[in-house]
Amino acid sequence: MKRTLSLEIFRYAAIFTFLAISLIPTIWMISMAFKPIAEWQASGADLTWWPKAPTLDNFRFIFGDSRSDFIAALERSAGRPILASLLAATFGTMIAMVAGTSAAYGLSRFGSGGNLPLALIQLRIFPPMAVMIPVMIMWAFLGLIDTWYGLALIYGIVTMPFSFWLMKTFFDDLPREIEDAALVEGCSRWRVFLKITLPMMRPALASSALFVFILNWSDYLIALLLTTRDWVTIPVYMASLSSSMTGQLYGAKAALGLIAAVPPVIMGIAIQKQLVRGLTFGALKE
Amino acid sequence: MTNDTAHLAADMPQETGAEQKRLGFWLTLPAQLLVLFIALFPILMQVYISLTDWSPLDGIPWYRAYELWIGLLNYADLANDPRFLSALWRTFIVMVFCVPVQFLLGLGLAILFVDDFRGKRVLYSTILVPMMVVPAVAGYMFFMLFQSGGPVNDILSLFAGRPVTIAWLADPDLALFAVIVSDIWQWTPLMFLILLAGMVSVPQDQQMAAVLLGASWPRRFFTIVLPRMKTIIIIAIAIRVIENFKVFDNFYIMTSGGPGVATETISIYIYKVTQQELIWGYVAAIALAILIILSVVSALAIKKMRNA
């Protein structure tokens, strides 16, 4: 494209216009999270875009230290939902990574796995809602309802397509010469996989794991169906932060939303190169 | 033995053939078992439950649901369920509004970002922020924005010059508009990301040749760049169509499908029947019908994409 001044001005103007609109919701949530109660409800002419008296009260409130002596009915700390989200997402990521990586290696090197690639794409295409009835029955039967490990198990299965396809494209790109050299030296295939291939793949493993973690962390529907009380995750807990007595707890919800949004945003920006591969199932190798 | 290495190389495949097969089997086994665990058994169970009138409140365990056998009656009901059909239609409408807008915005942004300029990295990362916000949180953000005393009306008041108090989420048409806006906000960055990756991978030499021949920019774009991006455009649109069909989180948090059934998409409908009416036999029939529709559509789509 020819570089002219007007073109550059148009470029920046267009990008900044888009960003200005696109950032409003995020900025509003950040500002909400730091507003005192008096400013939550302000609207119309009183609507404040930026907190006039910034406070950490909302964060104190969701962690159970409600010095604002406000609402005893909802006094349940957000600590446990955060723990539930962390446990379910982390262990779900581990299940997806272990099963997905080994299957990807099996397929990439030995062509085993049969219909697995297609089955995994299908798994992603189907709405989770469409298999939830049998899953709820199975989970109840196995005593996995309202446990973090029950949630981790289903997260592992649901996100495995991504770890599988990401790792498969990475394995396909890895030259075989190094592995072959070790084989000639007398290493068994297993040893080569565990001691040579996997350590070489460390960066790929890390970015795939982050990607899968973001997906698990973002879930709302599955946790809504499979947890009831003890192990509700952040999004489920957030939705419950309102009552007929108190109405919507805007500030508290915004504070919790901010906490929930931070890890994926940081991780996502760190691995943006892999995002395309992951989301397109490696169909487009960047 | 004159040539040791040649001998080794010739021997290796035979020696390791069985070993490779065994290793491949063990490596893929966990994934196979997990897929089986979530696919075969649940779907058989789904078929079984869908032929009964079973509900978890009946007091009989699911494996004795045959006591409530009603055959294909659930499916007959389904064909005459206006709420199901309207939810299906609404899901389609949402898709028809969301995906093209996301595509055009994403394509426009990708064009702006394809060559280097100052501040590209920072602006690029900032554009990606919405797609990384947890969808449930995004739903809550838009719930706040669209309150009658909220920021959206506040901005509109500035332009109108008088206080605007539209109850966005209480009006059926406006509520549908609001949830569509939230979907566009969240997933335009994904379109942008995929399309930009595709655009960058279009080889430069042909474009250079066209520049030398004096082809104008739009001409180069439509005759060289866009046709080369065919596959990635199909993939990007397919991803959004699939994900849009499943949409639940932000819609449900913003409106719970309301007012009335104005924003009730297929996932929200199934969820509500599961939770509120608790006729799981019927839900299983709905879910199975959707699985069948999607299986056929996706099998055709994957076949098409492989040929493309």
Side-chain angles (χ1 to χ4, degrees), chain A residues 1 11 14-15 18-19 22 25-26 28-29 32 43-44 47 98-100 102-103 105-107 110 112-113 116 119 121-123 125-127 129-131 133-135 137-138 157 160 164 189-190 218 220-221 235 238-239 250 253 257 260-261 264-265 268-269 272 275-276 279-280 283-284 286, chain B residues 19-20 23-25 27-28 30-32 34-35 38 42 45-46 49 62 109 112 115 117 123 125-130 132-137 140-142 144-145 149 151 154 163 185 193-194 197-198 217 232 235 239 242 245-246 248-249 253 267 270-271 280 283-284 287 290-291 294 298:
Chain A
M1 212 186 287
R11 190 206 303 278
I15 292 173
F18 180 85
L19 274 182
S22 143
T26 321
W28 184 254
M29 185 175 68
M32 241 354 181
S43 62
L47 191 119
V98 170
S102 54
Y105 189 73
L107 183 76
F110 317 122
S112 354
L116 195 61
I121 287 189
Q122 296 273 7
L123 183 60
I125 289 175
F126 294 150
M129 205 61 244
V131 286
I133 290 283
V135 168
I137 296 171
M138 279 165 76
I157 299 172
M160 194 174 49
F164 172 83
R189 281 271 176 190
W190 265 116
S218 303
Y220 171 63
L221 174 59
M238 199 172 98
Y250 286 102
K253 277 193 176 185
V265 170
I269 285 170
Q272 30 176 284
L275 282 171
V276 175
L279 289 160
T280 57
L284 181 89
E286 219 187 326
Chain B
E19 191 198 345
Q20 284 191 10
L23 183 60
F25 171 77
L27 283 171
T28 43
Q32 300 274 26
L34 286 176
V35 169
I38 210 69
M45 191 196 275
Q46 183 124 309
I49 301 277
W62 63 272
L109 282 171
L112 293 174
D115 35 32
F117 57 93
L123 292 173
S125 297
T126 321
I127 283 184
L128 297 187
V129 165
M132 288 157 200
V133 171
V134 177
V137 173
Y140 175 62
M141 281 155 69
F142 278 88
M144 284 195 293
L145 290 176
D154 200 47
W185 174 81
L193 186 65
I194 298 174
W217 180 83
I232 198 65
I235 291 173
I239 290 175
I242 292 165
F245 190 85
K246 304 195 271 189
F248 179 82
D249 300 8
I253 290 201
S267 287
I270 299 179
Y271 176 74
W280 286 16
V283 182
I290 287 166
L291 275 184
L294 277 181
S298 67

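Just so it is clear: chains get the letters A, B, ... in the order the sequence lines come, proteins before strands, and each one is counted from 1. These values consider heavy atoms only, across backbone and side chains, with no hydrogens, waters or symmetry-generated copies.
Expressed to the nearest 0.5 Å, how far CD1 of A:Ile15 lies from CD1 of B:Ile127 amounts to 6.0 Å. Put simply, OG1 on A:Thr280 and CD1 on B:Ile239 are 6.0 Å apart, with the number rounded to the nearest 0.5 Å. Between A:Phe164 atom CZ and B:Leu34 atom CG the span is 13.0 Å, to the nearest 0.5 Å.
In this structure, chain A has heavy atoms under 4.5 Å from both the backbone and the side chain of B:Leu112. Using a 4.5 Å cut-off between heavy atoms, B:Ile253 contacts chain A through its side chain alone, with no backbone atom that close. Using a 4.5 Å cut-off between heavy atoms, B:Leu193 contacts chain A through both its backbone and its side chain. For A:Met160, the part lying under 4.5 angstrom from a heavy atom of chain B is the side chain only. Heavy-atom distances place the side chain of B:Ile290, and not its backbone, under 4.5 Å from chain A.
Scored by the side-chain contact (heavy atoms from CB on, under 4.5 Å) test, A:Ile125 finds A:Ile121, B:Ile242, B:Ser298, B:Ile302 as partners (sequence neighbours excluded). Not counting sequence neighbours, the partners of B:Tyr271 by the ring pair (Phe, Tyr, Trp, His ring centres under 6.0 Å) test are B:Phe248, B:Tyr252.
Of all the heavy atoms in A:Pro25 and B:Trp185, the pair that sits closest is CG-NE1, 3.6 Å. Residues A:Met238 and B:Val137 approach most closely at CE-CA, 4.0 Å, considering heavy atoms. Smallest separation of non-hydrogen atoms from A:Ala130 and B:Gln46: O-NE2, 2.6 Å. In terms of heavy-atom proximity, B:Ser267 sits nearest to A:Met129 at O-CG, 3.6 Å. Closest approach of A:Met29 and B:Met144 over heavy atoms only: CA-CE, 4.1 Å. Between B:Lys246 and A:Phe126, the shortest heavy-atom contact is CD-O, 3.7 Å.
A:Arg11 places none of its side-chain heavy atoms less than 4.5 Å from the side chain of B:Leu123. Contact annotation: the side chain of B:Leu27 approaches that of A:Trp190 to within less than 4.5 Å [non-hydrogen atoms, C-beta and beyond]. Here the side chains of B:Phe245 and A:Pro127 are in contact, with some heavy-atom distance below 4.5 Å.
Note on A:Ala119, A:Ser218, A:Pro235: by heavy-atom pairs under 4.5 Å with chain B, the leading option is A:Ser218. Of the listed residues A:Leu19, A:Val135, A:Leu221, the one with more heavy-atom pairs under 4.5 angstrom with chain B than any other is A:Leu221. Contact count against chain A (heavy-atom pairs under 4.5 Å) is highest for B:Leu23 among B:Val283, B:Leu128, B:Ile38, B:Leu23. Of all the listed residues (B:Ala136, B:Pro30, B:Pro42, B:Pro130), the one sharing the greatest number of non-hydrogen pairs under 4.5 Å with chain A is B:Pro42. Between chain B and the options A:Ala260, A:Gly106, A:Ala14, A:Ser22, heavy-atom pairs under 4.5 Å are most frequent for A:Ser22. When each of B:Ile49, B:Val35, B:Leu145, B:Val129 is scored by its heavy-atom pairs under 4.5 Å with chain A, the top score falls to B:Leu145. Taking A:Leu279, A:Val131, A:Leu123 one by one and counting their heavy-atom pairs under 4.5 Å with chain B, the maximum is reached by A:Leu279.
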Kindly determine whether B:Met132 and A:Leu275 satisfy side chain to side chain contact (heavy atoms under 4.5 Å, CB included), including the steps that lead there. CA-CA 11 Å; B:Met132 288 157 200; A:Leu275 282 171; 3.5 Å; yes
Can you list the steps and then say if A:Phe18 with B:Thr126 is a side chain to side chain contact (heavy atoms under 4.5 Å, CB included)? CA-CA 11 Å; A:Phe18 180 85; B:Thr126 321; over 6 Å; no
